[in-house]
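Right, one structure below, let's go through it.
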2 protein chains.
Amino acid sequence: MMVSTTGRYALTVMADLARNAGEGFVSLADIAEREQLSMKYLESIISVLNKGGMLESLRGKNGGYKLARKPAEYTVNEILLLTEGTLAPVNCIMQDGVECEKAATCSTLPLWAGLDGVIENYLSNITLEDIITGNRKKMLGDYCNKCETE
Amino acid sequence: MMVSTTGRYALTVMADLARNAGEGFVSLADIAEREQLSMKYLESIISVLNKGGMLESLRGKNGGYKLARKPAEYTVNEILLLTEGTLAPVNCIMQDGVECEKAATCSTLPLWAGLDGVIENYLSNITLEDIITGNRKKMLGDYCNKCETE
DNA sequence: GTAAATCCTACCACTCAGGTAGGAATATGT
DNA sequence: ACATATTCCTACCTGAGTGGTAGGATTTAC
C-alpha cells in the first residue's frame with residue numbers, strides 16, 4: 001500500500017473542511033462525527049496538516065480549523081506528500097539527492113522512475129475542488145464507465 | 001511503498017533470465033551472483049514465479065530456471081501482481097469483490113480508483129522486453145530528459 | 001471561572017518486510 | 001554406485017511501521 005490510512009484520512013479531513021468552509025472554524029469533533037472516524041487519531045493527522053501551513057487553527061471555545069486557501073488551490077499531491085512523507089512507489093528511487101548505488105547500471109530503474117512520474121502527474125492534476133464537486137471524469141478518466149453517458 | 005523488495009527482485013530475476021535465455025537452464029546461484037543479491041532470499045521469490053507458471057524449472061545438477069514464454073509476452077503488471085498479491089495504492093479499493101462499506105457515499109473513492117487505473121495502465125503496457133532493451137522512451141515517456149536528444 | 005476546544009507527549013499491540021537456517025528430494029556425470 | 005549440484009520445503013527471527021489509545025496541559029469564548 002502506497003498511501004496509508006493517515007494519508008487517506010488527511011484527504012478526507014481536508015475535503016470535509018472544504019465542504020464546510022465559510023462558517024468560521026470547524027471543530028475536530030464535528031469532523032470526526034461526520035466522517036465517522038476516531039477523533040483522537042484524527043488529532044495527530046490534522047496536527048501535521050496544520051504545521052504544514054495548510055490550515056488555520058483557533059484554540060479554546062468555538063475554536064477549530066479552516067482551510068488556509070481555496071479548495072482549488074490544493075492539489076491532492078501536496079496533501080498526500082505532506083502527510084505520507086513520500087509517494088514513491090518503491091524505495092530505490094532517488095530521495096533527498098541520494099540515489100541507489102546500482103542506479104547507473106540498473107535496468108529496472110527507468111521503470112520505477114516512469115511509474116513515479118505517472119503517479120505524481122495524476123495526483124498533481126487533481127485538486128480538493130475536484131474531490132468535493134465529484135469531478136468523476138477528471139478522476140476516473142478513461143476508466144469511468146459512467147462518464148460517457150452523463 | 002507500493003512495490004516491496006520482493007516485487008523489485010522478482011522483476012530483476014525475470015530480466016536476468018530474459019537476458020540469459022537460450023542457453024538451457026540458468027541456476028539461481030548464477031543469478032544471485034550477477035545481480036548481487038542474497039540467493040537464499042531469491043529462492044523464496046523465484047518459487048512464487050515458478051508456481052505461478054512463469055518459469056520452467058529443472059532440479060539436480062545443471063538444473064535451474066528459464067522463462068516459459070518470450071520476454072515480450074510478459075507484462076510488468078502480471079509479474080508484480082503475482083509476487084505482490086495486489087498493486088492497489090490504497091486498501092480501500094474493492095478486492096475480491098468486497099468493497100468498503102462507505103463506498104457508495106465516499107467522495108475520495110473515485111480518486112483512488114483513478115489512481116489505481118493509471119498505475120495498472122502504465123504497468124500493463126511495459127513488457128520484459130522493454131526492460132532488457134532499455135526502452136527509455138516507453139518507460140520514462142514525458143519525464144525522460146534524454147529521450148528527446150537521442 | 002467554567003466549558004470547549006486545540007496542543008503535546010508518551011505508549012502499545014499487531015502485522016509485515018526482509019531476510020536466515022537447515023535439510024529433503026532430485027537429477028547429472030563419472 | 002556415488003558424489004555433487006541443484007531445486008524445493010518448512011520453520012524461524014528481528015526491526016520498523018501502521019493504526020491507534022491515554023492523559024493531561026494550554027488557550028479562548030461566553
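We name chains A, B, ... by the order of the sequence lines, and we start the count at 1 in each one.
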| Which whole-number value in Å describes the distance from A:L17 CG to C:dT6 P? | 11 Å
| said: The criterion is salt bridge (charged side-chain N to carboxylate O under 4.0 Å, His left out); which residues satisfy it with B:D116, sequence neighbours excluded? | reply: none
| request: Between protein and nucleotides 8-20 of chain C, map the contacts as a letter string: B base, S sugar-phosphate only, - none, heavy atoms under 4.0 Å, written 5' to 3'. | output: B---------BBB
| said: Let's see if you get this right: which residues in residues 26-35 of chain A place a heavy atom under 4.0 Å from DNA chain C? | reply: A:S27, A:L28
| task | Answer yes or no: does a side-chain N or O of B:N50 lie under 4.0 Å from OP1 or OP2 of D:dC8? | result | yes
| Are B:I131 and B:I45 connected in a single hydrophobic cluster, I mean Ile/Leu/Val/Met/Phe/Trp/Tyr linked by side-chain heavy atoms less than 4.5 Å apart? | yes
Close N or O pairs between protein and nucleotides 28-30 of chain D (under 3.5 Å):
residue: D:dT28; atom: O2; partner: A:K61; partner atom: N; Å: 3.0
residue: D:dA29; atom: O4'; partner: A:K61; partner atom: O; Å: 3.4
residue: D:dA29; atom: O3'; partner: A:N62; partner atom: ND2; Å: 3.2
residue: D:dC30; atom: OP1; partner: A:N62; partner atom: ND2; Å: 3.3

| Do other residues, nucleotides or ligands put more than 12 heavy atoms under 6.0 Å from the CD atom of B:E56? | yes
| request: Let me see the working for B:M14 and B:T83 under side chain to side chain contact (heavy atoms under 4.5 Å, CB included), right down to the final yes or no. | output: CA-CA 12 Å; B:M14 292 295 284; B:T83 48; over 6 Å; no
| query | Does the pair B:E43 and B:L28 meet the rule for a side chain to side chain contact (heavy atoms under 4.5 Å, CB included), with working shown? | reply | CA-CA 7 Å; B:E43 215 175 275; B:L28 196 49; 4.0 Å; yes
| Can you check the A:I45 CD1 to D:dT18 C1' distance for me, whole Å? | 11 Å
| request: Give one of base, sugar-phosphate or nothing for A:Y65, where a contact means two heavy atoms less than 4.0 Å apart. | output: sugar-phosphate
| note | Applying salt bridge (charged side-chain N to carboxylate O under 4.0 Å, His left out) to B:E78 and not counting sequence neighbours gives B:R69
| said: Just checking A:E33: does its CD atom have more than 12 heavy atoms from other residues, nucleotides or ligands closer to it than 6.0 angstrom? | reply: no
| query | Would you say B:L109 and A:Y9 are hydrophobically clustered, going by side-chain heavy atoms of ILVMFWY under 4.5 Å? | reply | no
| Path from A:I126 to A:I79 over hydrophobic side-chain contacts below 4.5 Å | yes
| task | Show your reasoning for whether side chain to side chain contact (heavy atoms under 4.5 Å, CB included) applies to A:M54 and A:V48. | result | CA-CA 9 Å; A:M54 300 221 158; A:V48 176; over 6 Å; no
| message | Using whole Å, what does the distance between atom C1' of nucleotide D:dT6 and atom CG of B:L55 come to? | response | 15 Å
| query | Using a side-chain heavy atom cutoff under 4.5 Å and only I, L, V, M, F, W and Y, what cluster partners does A:F25 have? | reply | A:L58
